[in-house]
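The structure appears right after this line, and notes come after that.
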Amino acid sequence: MASPEKRLEELKARPAGQVVIAREGSWYRWIYVAKALGTIALVIGTVLAVLGILALPLGFLAAGTNPFELLFPMVKETNNEPTPWLVQAGGWAVFGGLGLSLAGYGLGGAAEVKIAGPDIVTAGEIVNAPTRLARPLVRALDAAEAIRGSAAVWEGWLTGVDVDAALWNLAQQFKAGVHLDGELRAVYDQVAGASAPDFREQIDAAEAAVLACTESLKAGTQRLVDIADRVGSFDRELSEPARRAELKERERSTRRAREQVAKLSAARTAVENIEPVLDNVVDVAAGQLDAYGELPKIEKI
């Protein structure tokens, strides 16, 4: 895995708004689709508006009449001549182009707002974050990529390992720590020229929280890195044919045992879920017979 410093340099070379980590289900890929569509709409709209602006004077010159009357023939009842098609096309192109440009600009702006949302971490956020928070996160990024690209995961040796969920958990700590650190720095600036004893308790608590968040992020990252190292060692074992065959046979035996245990559990559950119908029938019959037995007997004369 690359050093944190090298990884940070790579992130600096990326666009600041590029998504690096995203919460599962955040649909962050639609951000790029929205930006692309917005850019396309803006370009097409601008081109249409420019063409329309160029077409209008040509239409006016070709008609040789008042431009206002050509654009709005209804204001003069005696004007029964049709508006030249070039003028009409130019007018539609101008207004349509402006509308399309505004729609593209709005779509791109909405995508930019979404980039600053709480469900993603961008390259700019990591690069501009305090080093003590950025370094553990980029180490976690490398570890997560190593696990995702391992043969153990791709070939199904490791199942149910949601690396993205683990990475997002660390990203949440990162975002919370960066936000708290920023608020703490803002407080430092505000109380620099004031008497701060009244705020000392809150500042001390915030400093302790930032430190705890940083330590928690480092500890979580180290656990993920340790798993990545173990996965790498397992991959090296898989590269040995004899060892792979041994592990494959053990995996098959384990799967068969797991399937048999599942069948055993299903059979036990079937036995335990049998309804006590017999007990109910016997209890009902016994109750009725007991009731009859308590009736006084009629003696024969």
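Here, residue 1 is the first one in the sequence, and each next residue gets the next number.
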Would Ile203 end up clustered with Leu180 when hydrophobic side chains under 4.5 Å apart are linked, directly or stepwise?
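Same cluster: Ile203 reaches Leu180 through Ile, Leu, Val, Met, Phe, Trp or Tyr contacts under 4.5 Å.
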
Holding to side-chain contact (heavy atoms from CB on, under 4.5 Å), I want the full list of residues that pass it with [X], two or more places apart in sequence or in another chain.
X      : result
Val127 : Leu11, Lys12
Ile227 : Ile147, Val231
Glu240 : Arg243
Arg230 : none

Residues Lys248 and Glu155 bridged, charged N to O under 4.0 Å:
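Looking at Glu155 together with Lys248, the answer is no, because their closest N to O distance does not fall below 4.0 Å.
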
Do [X] and [Y] have side chains that get closer than 4.5 Å, going by heavy atoms?
X      : Y      : result
Glu10  : Val138 : no
Leu8   : Ile126 : yes
Val210 : Arg132 : yes

In the hydrophobic clustering that connects Ile, Leu, Val, Met, Phe, Trp and Tyr at side-chain heavy-atom distances below 4.5 Å, which members other than Phe234 occupy its cluster, ordered by chain and number?
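Its cluster partners, ordered by chain and number, are Trp157, Leu238, Leu247.
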
Rest of the hydrophobic cluster containing Val271 (Ile/Leu/Val/Met/Phe/Trp/Tyr, side-chain heavy atoms under 4.5 Å)?
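Via sub-4.5 Å side-chain contacts, Val271 links to none.
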
Residue pairs involving residues 260-270 (criterion side-chain hydrogen bond (donor to acceptor under 3.5 Å, both in side chains); sequence neighbours excluded):
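Those involving residues 260-270 are Arg268-Glu272.
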
Any pair with a residue in residues 216-228 that passes side-chain hydrogen bond (donor to acceptor under 3.5 Å, both in side chains), sequence neighbours left out, goes on the list, sorted by first then second residue, please.
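Sorted pair list: Arg139-Gln222, Gln173-Ser216, Gln222-Asp226.
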
Check for a donor-acceptor pair, side chain of [X] on one end and backbone N or O of [Y] on the other, with a separation under 3.5 Å.
X      : Y      : value
Asp181 : Gly177 : no
Trp168 : Val163 : no
Glu125 : Thr122 : yes

Counterpart residues, side-chain hydrogen bond (donor to acceptor under 3.5 Å, both in side chains), relative to [X] (two or more places apart):
X      : value
Ser253 : Arg256
Glu207 : Tyr188
Asp235 : none
Arg14  : none

How long is the gap from CG on Leu170 to CG on Leu217, to the nearest 0.5 Å?
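So the gap between those two atoms works out to 6.0 Å.
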
Roughly how far, to the nearest 0.5 Å, is CD of Gln172 from CD1 of Ile21?
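CD of Gln172 is found 11.0 Å from CD1 of Ile21.
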
Please determine whether salt bridge (Lys or Arg N to Asp or Glu O under 4.0 Å) holds for the pair Arg252 and Glu249, giving the CA-CA distance in whole Å, both sets of side-chain angles, and the decisive distance to 0.1 Å.
CA-CA 5 Å; Arg252 279 195 292 265; Glu249 180 58 33; 3.0 Å; yes

Do you know the tightest heavy-atom contact between Ala140 and Leu224?
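Minimum heavy-atom contact is O-CD2, 3.7 Å.
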
Smallest separation among heavy atoms of Ala123 and Pro15, with atom names:
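Minimum heavy-atom separation between Ala123 and Pro15: CB-O, 3.7 Å.
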
